[in-house]
**Q** 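Before anything else, here's the structure in question.
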Amino acid sequence: MEIPSRYNPKDTEDKWYKFWQDEFLFSAKPSLDKKPFTIVIPPPNVTGILHMGHALNNTIQDILIRYHRMLGEEALWMPGTDHAGIATQNVVEKSIAKEGLKRHDLGREKFVERVWLWKEQYGSTIIKQLKKLGASCDWDRIRFTMDEEYSKSVLEVFVRLYEKGLIYRGSYIINWCPRCQTALSDEEAAHHELQGNLYYLKYPLKDNPEDFVVVATTRPETMLGDTAVAVNPKDKRYKKLIGKTLVLPLVNREIKIIADSSIDIKFGTGAVKVTPAHDPNDYLMGKKHNLEFINVMQPDAKMNELAGDYKDMDRFEAREVILEDLKEKGLLEKVEPHVLSAGHCYRCHTIIEPYLSKQWFVKMAPLAKPAIEVVKKGKIKFYPKRWTKVYLNWMENIQDWCISRQIWWGHRIPVYYCKYCQQAGNSEKGTIVSRIKPDKCPDCGSADIYQDEDVLDTWFSSWLWPFATFYWPFGISHIANCISQDKKADLASSDKRYATSDMPKDLEYFYPTSVLVTAPEIIFFWVARMIMAGLEFMKEIPFKDVYIHGTVRDIEGKKMSKSLGNIIDPLEIIDEYGTDALRFSLISITAQGQDVYLSKERFEQGRNFANKIWNASRFIMMNLDAQNIQVDLCQFTKKEDLSLVNRWILSRFYSVLKELSKNLDNFKFNEAANLLYSFFWHEFCDWYLELIKSDIKNKANQVVMYKVLEKFLRVLHPFMPFITEEIWQNLPHEGKSIMVQLIPHVQEALIDKKVEKKVSSVFDLITTIRNMRQELEILPQDKVNVDVFASKSMKQALEVMSQEIRNLAKIDLLELQENYQHKSGQFVNILKDMHIVIPLAGLIDVDKYREKIKQRIVKTESDIKAKDAMLGNESFVKRAPAEVVEKERERLKELKDSLHKLKAVKDAIS
RNA sequence: GGGCGCAUAGCUCAGUUGGUUAGAGCGCUACAUUCACAUUGUAGAGGUCAUAGGUUCAAGUCCUAUUGCGCCCACCA
């Protein structure tokens, strides 16, 4: 069969993905003899569309999952999506707007129906895209944060926290988005700098209307709700005025001048208008000084009836009119330009209005305490470490969490009010928190009961993700709901999990999960809260390691975002370069914890690598005799059976494997990827294959090239799943899929301890050749392997080496000399490059060479002198670690040896 | 204001606990083309490791300061 000379990802990717799924290779189940390895996916929004951040995040997770699966662990990657309250509601609102409808036109029930409809239609876009990415999630387990069962978990958590006294309702100044008409948490309020003004307003004294106190404000419209003016008690300018009464202009309300030490004397005029209902600081001051709370706005940020003449004006319109009116009365002293930073809604970017309203809160301090402990004790580790500090700093200053949201899409708050009790003004009574709607009020017996209109913050469901996905606390068997018919049949015949009771339940088996892979932005939103929830409800940490990867940025360092138009669409890259190229390039440039700077050209590296693997494999397959693949390496028991070059490549592969697992276990994915890249390309292809090419039918060569390729494909598979499967399926092999082939252990890779020992004692061919080259042509080199030179002259050593080369190449050097100008082909290039052959063949400029040796001798002599001095230094010998001193002594010895040899070479050529 | 990070080749970045000669990809230059691969190969040029001090026998690596860039948090009447 003809194999094309270019790898075409489109021919293979969908095919193998389907194959893996059909063979249930992604599914995991509790197992008595296997160690679990669990990752829960950070659930993407149902409205989500795959972007580079997802691509990076999920590639990392997939590498971990596939790696551990191939290590023989029971690896589960739990998938799902997040209902994303406001985001989803926004999308659906936009879509019904096309029909000229607003959500209030439909009413709550109809609107929520529309959202579900939307979810059914479009909600799996992101899932399909994750599949394109190769994500090996156990899709039969997919969860959604608004699933019926998941919602039960959410409800349960609310009720339990309430019963424990950790949930309360309070009035609070919240960040209010007038457009979305909902409360936003502090984290959802993005602060941007804004060019505004500082307005100096004059408030007349009651006793003496000709005299004023001047206050500075950036939001003059809120003055309608002022209930005091505050000054610092230490401020000499205002000391006498404390306790006096002012008349608030335009509304003519009398307000007091109060003293509060929080006032900054230097800012503005040192006198501050206090508007407890419209500013968080003023709110605190209002509580402290028992001020009146006057709310002058409606939820849509238009002024309300308390604003008198300004009623129904938008806040910014009212601002202009009020300023006009004050100016007319001579009460506007001056206006100064002022840069302020205002909170913006992170969804719609509307300026946030601090707004007084009733909200539900979770008391966080008691939950935070154990969550701080587990991180301090190292039970949960962050990678990179520095995020630990960030986490602890936030947790130690944690604020209560406002969990109610004034939208329709979400888990409705399970609180019911008795109309009768509420009307009687008794808010203590007639508030029922319950898992199911109560029939009647327990206080008055009335059946007139209604549910709280608000829904819960989206994070109130996602913080339960690591255990609610396993049906906490009910632990129902999900076989009935979630497993496809095919799989059910499969399980029934092969798996005893659901038949016997001694198997651990999913929740027990897979929780706590192993690693959480996420972006730094959501450490507080999500990671911290999951730790708290895990400890509170499971009494155990939700995951052991948290890997925080960087933010994906464009080549100029800007965050990729739609509004900046600097998006690189991963799906386009997949289309153009292939999934494996996308994955490999992304990983190879993502250093641990560093942000990623991307440009499209980056992906060429991955594509080229895929193509290189493809062609090297093609070459091997074209030249491979199938009967040789059965041969065990143990068969080569004598040193001569395995040529130098075979021993070398096995030795190199051995160290690569060791290095690789070290890197992966430490979450150094880029180093792992680059290691595989340079081993395969620059050692296996550039040197090994070129060297055996002329004797490719040699049995040992056949065996070694096959074994190294086959095992290399396995270790590469987690990074580039598609191409490795495609090639592996074309190689003669046993087994169904590369996915069920274990990643070779170092020993397994080399089959046999004896071989391993032999291999590791063999010197490194390439290093030697390169060293020889340097020795002869360019620079002094100390690393020249002593084995070659031991008790031999330079000339003899060269003969030994060229004999090796000749054996490998089966090319006579004299013949080479005659033909080398005319012969084409890469092998000649390589030999030409190995200047090792040249001096013997008389092809070198001896004068130049002699000069280089001379320089080398000078350098070595000076090095020896320096080392001698260092070792003669008492302080060094005393204080440097013993190994270091020993190392330096060895080094000195080596230098002396090398000087000796150099002198011999000098003699030999003169 | 509080916290954190970064500064290494023309560009984008690696560089584990200090220890021989600081690496990669891309780009650039020269050469190679019946060859598994031009999405290729060989070679080459290109670095005062931001600056100034310090610790050390030894600093790209540790400490201090400075400069420049970036991020997070808080405040901003």
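Quick note on labels: first sequence line is chain A, next is B, and so on, each numbered from 1. Since the structure is predicted, the reported quantities are computational estimates derived from the model, not experimental observations.
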**Q** With sequence neighbours left out, write down each residue that passes salt bridge (charged side-chain N to carboxylate O under 4.0 Å, His left out) with A:D625, or none if nothing qualifies.
**A**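 If we apply the salt bridge (charged side-chain N to carboxylate O under 4.0 Å, His left out) test to A:D625, skipping adjacent residues, the hits are A:K697.
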**Q** Would you call A:R319 and A:R219 a side-chain contact if the rule is heavy atoms closer than 4.5 Å?
**A** yes
**Q** Looking only at atom P, what distance separates B:rU64 and B:rG5, rounded to whole Å?
**A** 12 Å
**Q** Check the distance between B:rC4's P and A:W394's CH2 and give it to me in whole angstrom.
**A**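 Interatomic distance, CH2 of A:W394 to P of B:rC4: 19 Å.
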**Q** Using the P atom as the point on both nucleotides, what is the distance between B:rG23 and B:rU16, in whole Å?
**A** 14 Å
**Q** Rounded to whole Å, please give me the gap between CZ in A:R607 and P in B:rA38.
**A**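 Going from A:R607 (CZ) to B:rA38 (P), I get 12 Å.
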**Q** What is the distance from CG of A:L664 to P of B:rU16, rounded to the nearest Å?
**A** 18 Å
**Q** In this structure, how many angstroms lie between the P atom of B:rC72 and the CD1 atom of A:I523, rounded?
**A**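 The distance from CD1 of A:I523 to P of B:rC72 comes to 12 Å, rounded to the nearest Å.
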**Q** Could you let me know what B:rU55 is paired to, Watson-Crick or G-U wobble, both distances under 3.5 Å, or none if it's on its own?
**A** none
**Q** Looking only at atom C1', what distance separates B:rU40 and B:rU33, rounded to whole Å?
**A**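 Taking atom C1' in both B:rU40 and B:rU33, they lie 10 Å apart.
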**Q** Under a 3.5 Å cut-off for both contacts, is B:rU17 paired Watson-Crick or G-U wobble with anything, and if yes, with which nucleotide?
**A**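 B:rU17 is paired with nothing.
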**Q** For A:N611 and B:rU39, give me the distance from atom CG to atom P, rounded to whole Å.
**A**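 Rounding to the nearest Å, CG of A:N611 and P of B:rU39 are 9 Å apart.
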**Q** If you pin A:T218 and A:Y7 to their nearest nucleotides in RNA chain B, which one's is more 5'?
**A**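 Per heavy-atom nearest nucleotide, the more 5' residue is A:Y7.
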**Q** Please report, rounded to the nearest Å, how far the P atom of B:rA38 is from the CZ atom of A:F609.
**A** 17 Å
**Q** Suppose we define a pair by two distances each less than 3.5 Å, Watson-Crick or G-U wobble; what does B:rG47 pair with here?
**A** none
**Q** Mind calculating the distance between CH2 (A:W681) and P (B:rU39) to the nearest angstrom?
**A**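 Atom CH2 in A:W681 sits about 11 Å away from atom P in B:rU39.
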**Q** Nearest whole Å is fine: how far is B:rU40 C1' from A:R618 CZ?
**A**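 Going from CZ in A:R618 over to C1' in B:rU40 covers 12 Å.
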**Q** Considering only the C1' atoms, how many Å lie between B:rA52 and B:rG44, rounded to the nearest integer?
**A** 36 Å
**Q** Both distances below 3.5 Å, Watson-Crick or wobble geometry, any strand: find the nucleotide opposite B:rU42.
**A**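 For B:rU42, the partner nucleotide comes out as B:rA30, under the 3.5 Å rule.
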**Q** For A:L198 and for A:F619, find the nucleotide of RNA chain B with the closest heavy atom, then tell me which residue's nucleotide is more 5'.
**A**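 Closest to the 5' end, via its nearest nucleotide, is A:F619.
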**Q** Expressed as a whole number of Å, how far does the C1' atom of B:rG47 sit from that of B:rG10?
**A** 12 Å
**Q** Taking pairing as Watson-Crick or G-U wobble with both contacts under 3.5 Å, can you name the mate of B:rC71, or confirm there isn't one?
**A** B:rG3
**Q** Check the pair A:F609 / A:F719 against ring pair (Phe, Tyr, Trp, His ring centres under 6.0 Å), numbers first and verdict last.
**A** CA-CA 12 Å; A:F609 186 40; A:F719 297 82; 9.8 Å; no
**Q** Distance between the P atoms of B:rG2 and B:rG60, in whole angstroms?
**A** 32 Å
**Q** Go through B:rG15, B:rU39, B:rU40 for me and flag the one nearest to the A:E671 side chain.
**A**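 Minimum distance to the A:E671 side chain belongs to B:rG15.
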**Q** Between A:K668 and B:rG15, is there a contact of a side-chain N or O with OP1 or OP2 at under 4.0 Å?
**A**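 Checking B:rG15 against A:K668, no side-chain N or O comes under 4.0 Å of OP1 or OP2.
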**Q** I'd like to check the salt bridge (charged side-chain N to carboxylate O under 4.0 Å, His left out) partners of A:E576; sequence neighbours left out, ordered by chain and number.
**A**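 Result, salt bridge (charged side-chain N to carboxylate O under 4.0 Å, His left out) vs A:E576: A:K600.
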**Q** Residues two or more places apart in sequence or in another chain: which of them pass ring pair (Phe, Tyr, Trp, His ring centres under 6.0 Å) with A:Y391?
**A** A:F382
**Q** Of the nucleotides B:rC37, B:rU39, B:rU40, which one has an atom closest to the side chain of A:R6?
**A** B:rU39
**Q** Is the ring centre of A:F680 less than 6.0 Å from the ring centre of A:F712?
**A**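 A:F680 vs A:F712: aromatic centres under 6.0 Å.
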**Q** Taking only nitrogen or oxygen atoms into account, show me every contact under 3.5 Å that the protein makes with nucleotides 24-28 of chain B, one pair per line with its distance.
**A**
from: B:rG25; atom 1: OP1; to: A:H682; atom 2: NE2; distance (Å): 3.2

**Q** Not counting sequence neighbours, which residues clear salt bridge (charged side-chain N to carboxylate O under 4.0 Å, His left out) with A:K334? List them please.
**A** A:E336
**Q** Would you measure the distance from the P atom in B:rC6 across to the matching atom in B:rA14 and give it in whole Å?
**A**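 Looking at atom P only, B:rC6 and B:rA14 are 9 Å apart.
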**Q** Could you verify whether a donor N or O on one side chain and an acceptor N or O on the other, from A:S588 and A:N670, lie under 3.5 Å apart?
**A** no
**Q** Taking only the C1' atom of each, what is the distance from B:rA7 to B:rC11 in whole angstrom?
**A**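 Per the computed distance, 15 Å lies between those C1' atoms.
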**Q** Counting only Watson-Crick pairs (N1-N3 plus N6-O4 or O6-N4) and G-U wobbles (N1-O2, O6-N3), all under 3.5 Å, who is the partner of B:rC11?
**A** B:rG25
**Q** Go through the structure and list residues passing side-chain contact (heavy atoms from CB on, under 4.5 Å) with A:I242, not counting sequence neighbours.
**A** A:V231, A:A259
